[in-house]
Amino acid sequence: MRALRRVVGVALGLLIAAATVLVGFAMLRGRPQDLPWTPLDLAAPIGLSTGRKLAALRTDPAQCRALLGAAGVRYTALPARRDGATCGYADAIRLDRGGAIGIALRPAGPGIACPVAAALALWEWNVVQPAAQARFGMPVAAIDHFGSYACRRLYGRESGAWSEHARANAIDIAGFRLADGRRITVARDWQGSDASAAFLHDVRDGACSLYATVLSPDYNAAHRDHLHLDQADRGPLGWRACR
């Protein structure tokens with residue numbers, strides 16, 4: 001019993017020390033977005049805790065929409081949808097052009113769970129456009145995607161776990177269109193050492209700070225032609241996938 005108390009005491013001490021270091025680190029850098037208990041601010045740069053704060057918006061769709069509005073993002077709230085006992089959504093939105101969103105989605109107007117959409121906005125501002133400017137000297141005008149909502153199980157199987165797409169809690173990114181009309185696709189450009197491949201790896205890596213799950217061609221053949229981005233619910237301290 002004494003040994004158990006000693007182990008618990010040591011573990012508690014380590015947790016307190018880690019929290020103290022984190023607070024000091026964030027305060028010294030003037031980056032409250034690094035702290036897990038500070039409010040999410042979409043106007044702030046991406047911090048160590050931004051991804052988990054975005055995922056936590058699953059339980060507070062009203063707050064998610066308020067954050068989008070405060071950041072100047074135009075959107076339309078979609079009516080709830082239910083397909084059978086498992087599929088559907090209650091908090092999906094459609095991102096509208098104009099305002100703070102400069103990149104068009106093609107096809108236009110997919111219904112996306114609000115936390116996925118909020119992460120898309122941060123991805124555009126902090127990852128996609130800076131990477132495009134660095135690699136090509138111009139912005140991205142549009143993102144090509146394979147959709148968000150689809151009432152299906154993982155990999156389209158007849159049994160097993162349901163996909164995050166079954167709740168509009170994911171979007172599959174197929175490629176990007178630059179301002180000069182040039183197209184960059186995951187299927188064609190992921191492999192290689194040129195600017196297009198480097199850009200795709202840049203935006204994949206940047207998405208890992210914003211989404212609970214990011215899967216690319218590096219994961220498996222099923223993702224050979226797209227980046228899968230979702231906000232899977234794995235709890236406040238759950239694992240995050242970046243492949």
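Sequence positions, counted from 1, serve as the residue numbers for this chain. The model shown is predicted, which means the values in this text are computed figures rather than measured ones.
- Put simply, CZ on R243 and OG1 on T213 are 12.0 Å apart, with the number rounded to the nearest 0.5 Å.
- At least one side-chain heavy atom of V186 sits less than 4.5 Å from a side-chain heavy atom of L227.
- Linking Ile, Leu, Val, Met, Phe, Trp and Tyr residues whenever their side-chain heavy atoms come within less than 4.5 Å places V203 and L105 in a single cluster.
- The shortest heavy-atom contact between P79 and Y89 is O-CE1, 3.6 Å.
- Ring geometry for H228 versus H226: interplanar angle over 60°, hence perpendicular rather than tilted (30 to 60°).
- In this structure, R157 CZ and S163 OG are separated by 11.0 Å, a value rounded to the nearest 0.5 Å.
- Among all heavy-atom pairs drawn from A131 and D202, the shortest one is CB-CB, 4.0 Å.
- In this structure, N169 contributes its side chain and A113 its backbone to no donor-acceptor pair below 3.5 Å.
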Does the pair M138 and R182 meet the rule for a side-chain contact (heavy atoms from CB on, under 4.5 Å), with working shown?
-> CA-CA 11 Å; M138 69 184 73; R182 193 183 335 172; 3.8 Å; yes
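- Smallest separation of non-hydrogen atoms from R74 and R97: CD-O, 3.8 Å.
- D91 is listed as a side-chain neighbour of P115, based on a closest heavy-atom distance under 4.5 Å.
- Residues W162 and C151 have side chains in contact (heavy-atom distance under 4.5 Å, counting atoms from C-beta outward).
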Given side-chain contact (heavy atoms from CB on, under 4.5 Å), test H201 with D218 step by step and report yes or no.
-> CA-CA 10 Å; H201 285 77; D218 287 347; 4.3 Å; yes
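- A single hydrophobic cluster is not seen to contain both L215 and Y211; linkage of ILVMFWY side chains at heavy-atom distances under 4.5 Å, directly or through other members, places them apart.
- Follow the hydrophobic side-chain contacts under 4.5 Å out from F146 and you never reach V128; the two are in separate clusters.
- Q129 has its side chain within reach of E124: a pair of non-hydrogen atoms, C-beta onward, lies under 4.5 Å apart.
- Taken from CD1 in I112 to CZ in R94, the straight-line distance is 11.0 Å, to the nearest 0.5 Å.
- Counting heavy atoms from C-beta on, the side chains of V116 and S148 never come closer than 4.5 Å.
- The cluster map of Ile, Leu, Val, Met, Phe, Trp and Tyr, joined by side-chain heavy atoms under 4.5 Å apart, puts L54 and L35 in different clusters.
- When side chains are defined from C-beta on, L40 counts as touching T50, because their heavy atoms get closer than 4.5 Å.
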For L68 and L42, run side-chain contact (heavy atoms from CB on, under 4.5 Å): C-alpha distance rounded to whole Å, both residues' side-chain angles, the deciding distance at 0.1 Å, then the answer.
-> CA-CA 8 Å; L68 287 176; L42 297 185; 3.9 Å; yes
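- Residue R224 comes nearest to P217 through the heavy atom pair O-CG, 3.6 Å, listed as atom of the first residue, atom of the second, then distance.
- No hydrogens or angles considered: nothing links the side chains of R188 and S196 as a donor-acceptor pair under 3.5 Å.
- In this structure, CG on L120 lies 9.5 Å from NE2 on H145, to the nearest 0.5 angstrom.
- One finds the OG1 atom of T76 at 12.0 Å from the CZ atom of R65 (value rounded to the nearest 0.5 Å).
- Between W123 and L229 there is a side-chain heavy-atom pair separated by less than 4.5 Å.
- Side-chain heavy atoms closer than 4.5 Å link hydrophobic residues (I, L, V, M, F, W, Y) into clusters, and following such links, possibly through other members, connects V73 to I46.
- Counting only distance, with no hydrogens or angles, the side chain of K53 and the backbone of T38 share a donor-acceptor pair below 3.5 Å.
- Closest approach of A170 to D230, counting heavy atoms only: CB-CB, 3.5 Å.
- The nearest pair of heavy atoms linking I93 to A77 is CG2-CA, 4.2 Å.
- Residues Y149 and H165 fail the side-chain proximity criterion, which asks for heavy atoms closer than 4.5 Å.
- For the pair R234 and W239, the cation sits on the ring face: its NZ or CZ lies under 6.0 Å from the ring centre, inside 45° of the axis.
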Can you list the steps and then say if V214 with Y219 is a side-chain contact (heavy atoms from CB on, under 4.5 Å)?
-> CA-CA 9 Å; V214 178; Y219 179 56; over 6 Å; no
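- Here CG of L210 is found 8.0 Å from CD of Q231. Values are rounded to the nearest 0.5 Å.
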